[in-house]
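Chain identifiers are assigned alphabetically (A, B, ...) following the order of the sequence lines, protein sequences preceding nucleic acid strands; residue numbering begins at 1 within each chain.
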Amino acid sequence: MKQEYIITIFSENNIGLLNRITINFTRRKINIESLTVSQSAISGISKFIIVVNETEERVKRLVAQLDKIVDVLKTFYHTSNDMIFAEMAMYKISTEFIYGSDELGEIVRTSGAQIIEITKEFIIIEKSGLKKETQELFDKLNKFGVMQFVRSGRIAVTRDRIERLSEFLKERDNDLEKLN
Amino acid sequence: MLKNITGSKAVILSLLEEGVDTIFGYPGGAIIPIYDALYDFKERVNHILARHEQGAIHAAEGYAKVNGKAGVCFATSGPGATNLITGIADAMMDSVPLVCITGQVTSPSLGTDAFQESDVVGISMPVTKWNYQITNGEEIPEIIAKAFYIAQSGRPGPVLLDISKDAQTQVLKEFEYKKCHQIRSYVPEYPTNLKKIDDAVKLINESKRPLVLLGHGVIISNAEKEIKDFLEKTGIPAAWTLLGLSALPSDHPLNVGMLGMHGNYGPNILTNKADLLIAVGMRFDDRVTGQVSSYAPNAKKIQLEIDPAEINKIIKVDVPILGDAKKALTLLTKKVKANKHTEWIKKFRKCDKIEYNTVISKSIHPEKGKITMGEAVRVVSEKTHQNAIMVTDVGQQQMIAARYFRFNHSRSCVTSGGLGTMGYGIPAALGAQLAAPDRTVVAFIGDGGFQMTLQELGTIVEHKLPVKIILLNNDFLGMVRQWQELFFEKRYSFTELQNPDFVMISKGFGMKSSRVSKRENLESSIQEMIDHPGPYMLEVKVEQQEDVFPMVPSGASVSDIMLSKEIKTEK
């Protein structure tokens, strides 16, 4: 049975790694619903957060293949329930709708969004939260016509206490010391 | 520490530090600087000029399969590099260690569709264990060290380094070579879990009908002695995969034959009667398992495997033992109970008899009709006293050779298993001969595969390699024809081959060659070939529409193995 899984990959910050990681998804015809990659808390190490909709069997096998990649330090997978996550969205609306009525302003306030830019022609509204929340806001704002819209990839942290990467790196450093 | 040397010289010096003595390659514009540096090292490293980059890379594979070290291959940019891809994919599938170095256009030209430019790193990414593009000459020693470490450690595989022309001509301020022993993000081998060993020992001691499945991992791990000790203590019979062939001597009393689609009757039927399977360095390939849902349903499974991604990939196992096979087998043998399974093994021998009467005897001892492939294989095996290295191409001749050639020594089978690349035979044979100059190398090749890489006959003659090529010519693309016969109502769509005069072609390359088509001349022709001190091509005109049996049809259970077109198995 398919459900949403969040795959977290820690890797060395090397060129070409994104390609090597994503070909594993393409090969198995697994669609990437969302992908975020940026520097992790530890310098030189990148963190990928990839969201898929698949069976656990397929995700397990995929994660084993991703872990094999030489520059990948460690790969984890969680269901959405095991993680706390957020996405960001930006909406561009014509400034004319601010004049006259407070309807737009009320929508922005009650959805916990913020206006981050105002020009003579347009305003930019920003909201972070779950996908259904950003979608709800989109539907509300579309009354006024959303001129431009963008949604970010998902970022997530686990519900447990430990930062798994630093644990893994500590263990790895110990193992490598023993080899020397 | 050397000073002021060029990147290309650094490449050659780094390869020498890694103990490389043979390079297979083909020069071109983007790799000329490296070839120029190579020119000063002709005494220290043997460069084999192939006639096509695919020939070079299959030769490097044959070389690596026989001596276990990484095969090294050079090619130029663009078409030179893309011609390597088939061989790289083949090495990836069969876990063969290779280090391929391709020239690349100068770094300012990258991405401009320059002359002979291609995105080799992008193209080879799915089929390499690791790849890297070097545009700064200073990185050369460190990256080459990393490449060899990755290619040869853990589960071996192909690595590709793409070196831009300006990196090759760049002058390095200092050159110092340090071998690579560890990479933070790469764990080649996990330590053996002692609890899992104990779990396995318990299962082994209690089992009544156990079967060992011997794969490539036994050879890669150099665990031939350890597997023999294990088998002899536990009395468990062992069947082998195509790539595990020769790990256990053919005449060993516990060797019960070949697994797989065209394997032996006993191992296939009795897999589904076993109560314990011990997989050592094999990955449950679909050719071996047949229909997965009906594979060994009554057996518990132990898997000795170095690559964590292979555990539970296709078949769920009860006791996975991660790590090196040699170490795991040693621990198991120490703890396991001494035992015998004579009654169980008798069942295999009973199957052998049935197989002999229905299939084998007419395959290797036919009394009438044209020469059969099995017959030729048997005679060559006898006349080389089971000591030769056997190379094959792909197809019917490959299956027949694997079934009927016999081995006394390990690392004696060189064949393209996972990818099944036609054209593998001729170049792999030359690589194998270079890796084992003191052994006889015989290559069984079909008329289809022969024509795919026949240009490498020139390479063989140039280097005077005494390879013995046996061309089993049935004027058909045999294996495909067999499937068309059995499953497509004999609609032989484009499988009939209009062949040239192969003997004339071989002689044209300067190779001694002859043809045999009559049974009474077979033995003497083969003896002449073996006695000849140089390379020899013997064309054997064989039965045109021979079928390879037994066969587990695609999608069928291993216990539904067919002994012939007519005989379906008794369960």
Side-chain touch B:Gln182/A:Asp175, heavy atoms, less than 4.5 angstrom: no
Using a 4.5 angstrom heavy-atom cutoff, name the option from A:Ile45, A:Thr26, A:Asn14, A:Asp71 with the most pairs to chain B. A:Asp71
Is it the side chain or the backbone of A:Ile15 that comes within 4.5 Å of chain B heavy atoms, both, or neither? neither
In residues 308-328 of chain B, which residues are in contact with chain A at a heavy-atom separation under 4.5 Å? B:Ala309, B:Asn312, B:Lys313, B:Lys316
Counting only heavy atoms not in A:Arg28 (residues, nucleotides, ligands), do more than 12 fall under 6.0 Å from its CZ? yes
Heavy-atom distances under 4.5 Å only: say whether A:Gln65 touches chain B with side chain, backbone, both or neither. both
Within a reach of under 6.0 Å around CG of A:Asp102, are more than 12 heavy atoms found that belong to other residues, nucleotides or ligands? yes
Residues, nucleotides or ligands: over 12 heavy atoms within 6.0 Å of B:Glu142 CD: no
Cut-off 4.5 Å, heavy atoms of chain A, and the answer for B:Ser153 is neither
Does CD1 in A:Ile107 sit with more than 12 non-hydrogen atoms of other residues, nucleotides or ligands closer than 6.0 Å? yes
More than 12 non-hydrogen atoms from neighbouring residues, nucleotides or ligands closer than 6.0 Å to CD on A:Gln148, yes or no? no
Please classify the contact of B:Val121 with chain A as side chain, backbone, both or neither, using a heavy-atom distance under 4.5 Å. neither
Which pair of non-hydrogen atoms, one from A:Gly16 and one from B:Met125, has the smallest distance, and what is that distance? O-CE, 3.6 Å
Given a strict heavy-atom distance threshold of 4.5 Å, which part of A:Arg20 is in contact with chain B: side chain, backbone, both, or neither? both
How about B:Lys300: does its NZ atom have over 12 heavy atoms from other parts shown lying under 6.0 Å from it? no
Taking NZ in A:Lys131 as the centre, count heavy atoms belonging to other residues, nucleotides or ligands within less than 6.0 Å. Is the count above 12? no
Hey, which of A:Ile23, A:Val70, A:Leu73 has the most heavy atom pairs under 4.5 Å with chain B? A:Val70
Mark yes or no for whether B:Arg184, through its side chain, and A:Asp173, through its backbone, hold a donor-acceptor pair below 3.5 Å. no
